[in-house]
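Everything numeric here is computed off the predicted structure, so don't read it as measured data. If you read the sequence from its start, that first residue is 1, and numbering goes on from there.
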Amino acid sequence: TTVSTATSGGDFEKVGSVNQLEQTGQILNEELANGKALVIQDPTNAKKLIAVNPTCPHAGCAVTWESDQQKFLCPCHDSEFSSDGKVLEGPATEPLASYEVKVEGDSILVKTT
């Protein structure tokens with residue numbers, strides 16, 4: 001019997017630190033139990049964090065956060081997504097998957113399920 005999957009569902013995982021986010025403007029963690037997460041500060045509310053799966057739903061390329069333009073961009077086919085993951089410009093038709101995110105002390109935690 002395998003019990004390992006029972007504990008991984010619904011758990012928050014650490015993606016990085018508040019200090020790291022303040023220095024870099026974004027944190028990408030590709031080693032979570034259920035995939036990847038990209039965390040940014042909400043451009044409209046610095047106290048709020050946004051976490052998305054950075055995999056473009058169009059062709060699976062990794063999007064990047066362009067803070068000067070306040071949007072996620074896909075380098076493969078130029079899809080654009082708003083800070084909350086909604087499609088601004090195709091060819092992507094589906095939004096980026098978003099995750100629950102919280103801060104505990106200096107740790108930023110994301111729930112990828």
Side-chain angles (χ1 to χ4, degrees):
T1 32
T2 52
V3 200
S4 59
T5 53
T7 55
S8 64
D11 291 341
F12 279 89
E13 296 179 80
K14 181 176 178 177
V15 293
S17 70
V18 173
N19 188 36
Q20 183 183 359
L21 181 62
E22 287 171 353
Q23 286 180 3
T24 62
Q26 60 185 312
I27 296 174
L28 174 63
N29 188 316
E30 299 181 290
E31 298 170 10
L32 301 176
N34 295 300
K36 305 172 182 180
L38 180 60
V39 178
I40 62 163
Q41 282 184 307
D42 186 330
T44 61
N45 178 359
K47 293 180 180 163
K48 184 180 170 199
L49 300 181
I50 295 173
V52 299
N53 182 324
T55 304
C56 181
H58 174 245
C61 298
V63 302
T64 57
W65 172 246
E66 300 299 328
S67 57
D68 56 331
Q69 299 175 49
Q70 297 193 347
K71 58 187 168 190
F72 294 101
L73 296 178
C74 181
C76 294
H77 302 104
D78 298 324
S79 290
E80 298 179 2
F81 305 88
S82 63
S83 61
D84 61 0
K86 291 187 176 76
V87 177
L88 295 173
E89 191 168 313
T93 56
E94 298 291 317
L96 297 173
S98 59
Y99 301 134
E100 212 177 318
V101 60
K102 67 180 179 179
V103 176
E104 286 183 358
D106 189 48
S107 297
I108 297 172
L109 306 170
V110 169
K111 185 176 183 178
T112 56
T113 54

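- In this structure, CD on Gln41 lies 6.5 Å from CG on Leu49, to the nearest 0.5 angstrom.
- More than 12 heavy-atom neighbours from other residues, nucleotides or ligands sit within 6.0 angstrom of CD on Gln70.
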Compile the donor-acceptor pairs under 3.5 Å between side chains in residues 52-63 and protein atoms, sequence neighbours left out, one pair per line.
from, atom 1, to, atom 2, distance (Å)
Asn53, OD1, Thr55, N, 2.9
Asn53, OD1, Thr55, OG1, 2.9
Asn53, ND2, Tyr99, OH, 3.0
His58, ND1, His77, ND1, 3.3

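- For the pair Ser98 and Asp84, the minimum side-chain heavy-atom distance is 4.5 Å or more.
- Shown here are the ring-ring contact (aromatic ring centres under 6.0 Å, His included) partners of Phe72, two or more places apart in sequence or in another chain: Trp65.
- No path of Ile, Leu, Val, Met, Phe, Trp and Tyr side chains, each step under 4.5 Å between heavy atoms, connects Leu21 with Leu28, placing them in separate hydrophobic clusters.
- Looking at Ser79, its side chain does come within 3.5 Å of a backbone N or O of Ala92 through a donor-acceptor pair.
- Taking 4.0 Å as the cut-off between side-chain N and carboxylate O, Lys36 and Glu30 count as a salt-bridged pair.
- Taking the salt bridge (charged side-chain N to carboxylate O under 4.0 Å, His left out) definition, one finds that Glu100 meets it with nothing, sequence neighbours left out.
- For the pair Val110 and Ala51, the tightest heavy-atom approach, listed with the atom from each and the gap, is CG2-CB, 3.9 Å.
- Heavy atoms of other residues, nucleotides or ligands lying less than 6.0 angstrom from CD of Gln69 number more than 12.
- How far CD1 of Ile27 is from CD1 of Ile40: 11.5 Å, rounded to the nearest 0.5 Å.
- Think of Leu88 as one node in a network of Ile, Leu, Val, Met, Phe, Trp and Tyr side chains linked at under 4.5 Å; it has no links at all.
- Contact annotation: the side chain of Ile108 approaches that of Val101 to within less than 4.5 Å [non-hydrogen atoms, C-beta and beyond].
- Going from atom CG of Leu38 over to atom CD of Gln26 covers 5.5 Å, rounded to the nearest 0.5 Å.
- The two residues Glu66 and Thr64 make their nearest non-hydrogen contact at OE2-OG1, 2.9 Å.
- Contacts of Asp106 classified as salt bridge (charged side-chain N to carboxylate O under 4.0 Å, His left out), with partners at least two apart in sequence or in another chain: none.
- Using a 4.5 Å cut-off on side-chain heavy atoms (C-beta onward), Asp78 and Glu89 make no contact.
- Through ILVMFWY side-chain contacts below 4.5 Å, Leu73 is grouped with nothing and stands alone.
- Both Val103 and Leu32 sit in one connected hydrophobic cluster of ILVMFWY residues. Membership requires side-chain heavy atoms under 4.5 Å apart, directly or through other members.
- What you find for Lys14 and Leu109 is that their closest heavy atoms are CA-CD2, 3.4 Å.
- With values rounded to the nearest 0.5 angstrom, Ser83 atom OG is found 10.5 Å from Asn45 atom CG.
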